Trainee: 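Dropping a structure here in C-alpha cells format, bear with me for questions.
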Amino acid sequence: MDFLTSVLTITIRAGTSLTIATIGEILTERSGILNLGVEGIMLMGALSAFATVFYTHSIVLGFLVAIGIGGLLALLHAFLTTTMRANQVVSGLSITLFGTGFSSFLGQRLGPATNNFRLVGLRAERIVPFDLEWIGQVPLLSAFSNQDIITYIVYILLPLSWFFLYKTRPGLWLRSVGEDPQTADAMGIDVIKTRYFYTVIGGMLIALGGAHLSLSYTPGWSENITGGRGWIVIALVIFSMWNPARAVWGALLFGGINAVQFRLQASGTSIPANFLNMLPYVGTIVVLVVMTWWEALSKKVGAPAALGTSYMREDK
Amino acid sequence: MKLLFEKRKSTSVPALILVPIVSFLVSLVLTALLLEIFGANPFRTFAAMAVGAFGSSHGFAETLVKAIPLMMTGLGVAVAFKLKFWNIGAEGQLTMGGVAAAGIALFMERFLPGRSLLLGALLGGLLAGALWAGIPALLKTSLKVDETLVTLMMNYIAILYSEFLYYGPWRDPKGYGFPGSRMFSADAWLPRIMGRAHGGIWVAVALAIILWIVMKRTRWGFELQIIGASQKAARYQGIAVERNIVLAIMLSGALCGLAGAFEVTGISHRLQQGLSIGYGYTAIIVAWMSQLNPLAVPFVAIALAALAVGGDQVQMVMGLPAAMGVVMQGLILFPMLAGSLFTEYRLSVVRPEAKAVCPDPVEE
C-alpha cells in the first residue's frame, strides 16, 4: 500500500502541469481554434515564472507574469488565425518554434552576471507543498496530501470546467462556435470574439502548467524543460475527447508512466535508460491509435466539427 | 470608413514574392528592437552576422554546411505540407537516416567494396527516412490517427535511439569516453567541395529542380496537387488518395533521411552527438517561406542557414547568445503568416460617403 501511495503521489505531481494545460487547450479547441503552440507557451511560462521568482522572490508574481506571457502568445495566435486567417497548424508551430528559441535565448541572457548571465543551474524559491495531516491518515487518499496549491487548483478546475462547458449558457455558446460557427453567428454569438477570448484563456492556463514545472515539479530552469510535455497535452485533449471530466485520466496515465519510469530507473533495471525514456512518447502514440480506433468503432466524434478552420462571414 | 477583406479571383503573384521578403525585413526590425532592449547595437550585430555568414570563404562554407540539410528537409516538409499532411517529423526522419547510413558505413564494409560503401550508406539513409515517415502515413490513411502528434513523438524516439547507439553498442572503444561511434573508412566519405561543405549541395539543388518538375509537369504531381486542394475532389476523379499520400510522405521522409545520411558521411564521418540539432524544425520555416515551392527552397535555406551561422558568430564576437539566430528564424514566420492573407485576399476600403448619396428614407 505504501508503494502504491508513493507511486500515486508522484503520478499526481507529474500530472499537474499536464492537466492544467490540457484544460486550457480543451477550452481553446472547443472554440474551433487548434493551438499547436502549447510546447512553446509552456516553455515561455516556465522561463518567465522562474526568472521573475529569482529576482522578486515572489511566487505569486512569478505565476502572474507567466500567465500574462501565455496570454500574449495566445493572443498572437488568435490574431493570426482569426483576424489574418492564417493556417492554424503553421501558426501554432511558429509559436512553438519561437517559444523554444526565445526561452533558450532569454535563459542565456536574463541571469545574473555572476552566473555568466545564464539562468541554468540557479535556485529560487519553490512552491511549498501543503501537509494536510487529516488526509494523510487515509490510505491512498494520502497521496493528495503533500501536494502544492496548483495541484489543488487543478482538481477544483476539472469539475468546474466540465460544469461550465456542459451546464451553463456561455459554455453552450462556446461549444456551438466550435461546432458550427455559421449557425452560432446567426444566433447572434460573436464568433471572432469568442475565439479570441478562449484562445487567450487557454494560453494562460497552458503557461501556468509551464510555470508549475519550473517552480515545483523540476525546480529551476533548463533548456527544453518541458521535454515534449506540450505535445503530450495535445494528445491528452484527443484522449479526453475534448471533455475536461476525462482529462484527469489521461494526465494520470502519463503521470503514471513517468512514475513507473522513475521507479524502474531507481531499481537499477537492465533496460537501458534511453528505452525507458521513450515510454511517454511511445505511450502517446499507442494511446492515440487506440483512441482513434475506438472512436471510429463506436462512431463517436469528440472533435469540434469546425476545429482548425477559419471563419469568415464574407466568404459565404 | 471600414476595412474589408475581399477574396481575390486568383492568387496574387507579386504578393507571393513580396510577402516573404517583407517578412524577412519585419523580422529584422523586431530583432533590432530586441537587441536594443538587451543593450546591443543592432547595426553592429547584423553586420557581424552578415560578415560571419558570407564575409569569408570559411564562413560561406559553414553557411552551405547548414544550408544543405535545410534544403533537403525543407523540400521534404514542402512535399508533405502540399498534401496538408503536417509532417513535423523531419528531425526524426533525418536522425534515422543518419543512423542507417552510419550502420551501413560501419558494418557493411566487407560486402560493399570501394565507393559502393558510400552509395550503400546514402541509399540506406534514404530508405530509413522513408520507412520512418511511412509509419505515421499508414496510421493516418488507415486509421486517421493525427499525423502531427505521431511524427513529433517519433522524433523523440529516433533521437533517444541514436543516443542509445552511440553511447552504447556502437560507441568507439578507443574514443576516450567520447560519445560517438568509430570513424567510417574513407570509402564512405562524401567528397567535399569547400571547407566542410560537401557534394550534397549539388544533389540538393538538383532534387529541388526535379521536384518542381514532378509537382508541376507530371501526372503524379498533378494528382498530389488535387489531393492537397481537396481529398473529396480527388476521390471523385478516381485518384487513389490513400496510396498517393503514403507514397508522397515516404518521399518526404526519404529526402529527410538522405539529409541525415549526408550529415554523417559528409560532415562528422561517424555517428555522434550533434546529428539532431533542429534542422527538421527549421525546415518548417524553410518550407513555409518558400510558399511550398521547391524552386524557392534552396534560396530560403541559404538565408536561414546564414542566420544560424551569423548567430554563432555574434556569440563569439559580441557575447550574445547563439540562440539569437533561432529567435530571428522564429520571428520571420509571424509576419509571413499575417501577410499570406494578402495573396488570397485584397484589402478594400468601404467609404461612408456612399451613404450620403442615397439618404435613409426614414430621415425624410
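Lettering of chains follows the sequences in order, A, B, ..., and the numbering in each one begins at 1. All of these numbers come straight from a predicted model, not from anything done at the bench.
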Trainee: Is any side-chain heavy atom of B:Tyr161 closer than 4.5 Å to a side-chain heavy atom of A:Met278?
Mentor: yes
Trainee: Using heavy-atom distances under 4.5 Å, tell me whether A:Glu39 contacts chain B through its side chain, its backbone, both, or neither.
Mentor: side chain
Trainee: Can you tell which of B:Phe81, B:Phe342, B:Trp288, B:Tyr167 has the highest number of heavy-atom pairs within less than 4.5 Å of chain A?
Mentor: B:Trp288
Trainee: Would you mind reporting whether A:Ile285 and B:Met154 have side-chain heavy atoms less than 4.5 Å apart?
Mentor: yes
Trainee: Under the ring-ring contact (aromatic ring centres under 6.0 Å, His included) rule, what do A:Phe105 and B:Phe38 come out as? Steps first, then yes or no, please.
Mentor: CA-CA 11 Å; A:Phe105 172 82; B:Phe38 283 100; 5.4 Å; yes
Trainee: Quick one, B:Leu149 with A:Ile238, criterion side-chain contact (heavy atoms from CB on, under 4.5 Å). Give me CA distance, side-chain angles, the key distance, then yes/no.
Mentor: CA-CA 10 Å; B:Leu149 287 164; A:Ile238 299 176; 3.6 Å; yes
Trainee: Select, from A:Thr292, A:Ile234, A:Val90, A:Leu80, the one with the greatest count of heavy-atom pairs under 4.5 Å involving chain B.
Mentor: A:Val90
Trainee: What I'd like to find out is whether the side chain of B:Asn155 reaches to under 4.5 Å of the side chain of A:Tyr281, using heavy atoms alone.
Mentor: no
Trainee: Between A:Ala273, A:Gly227, A:Pro280, which has the largest tally of heavy atom pairs under 4.5 Å with chain B?
Mentor: A:Gly227
Trainee: Evaluate the side-chain proximity of B:Phe334 to A:Phe79: yes if any heavy-atom separation is below 4.5 Å, no if none is.
Mentor: no
Trainee: Taking the side chain as every heavy atom from C-beta outward, state whether B:Trp86 and A:Leu36 have any atom pair closer than 4.5 Å.
Mentor: no
Trainee: Which class fits the ring pair B:Phe164 and A:Phe275: parallel under 30°, tilted 30 to 60°, perpendicular over 60°?
Mentor: perpendicular
Trainee: Which one wins on heavy-atom pair count under 4.5 Å against chain B: A:Gly40, A:Gly228, A:Ala296?
Mentor: A:Gly228
Trainee: Against chain A, work out which of B:Val326, B:Thr148, B:Val150 has the most heavy-atom pairs shorter than 4.5 Å and name it.
Mentor: B:Val150
Trainee: Check whether any side-chain heavy atom of B:Met153 lies under 4.5 Å from a side-chain heavy atom of A:Val282, and answer yes or no.
Mentor: no
Trainee: For A:Ala235, is it the side chain, the backbone, both, or neither that has a heavy atom closer than 4.5 Å to a heavy atom of chain B?
Mentor: both
Trainee: Should B:Ile88 and A:Trp231 count as side-chain neighbours, where that means a heavy-atom distance under 4.5 Å?
Mentor: yes
Trainee: Might you point out which heavy atoms bring B:Pro321 and A:Arg109 nearest each other, and give the distance in Å?
Mentor: CD-CD, 3.9 Å
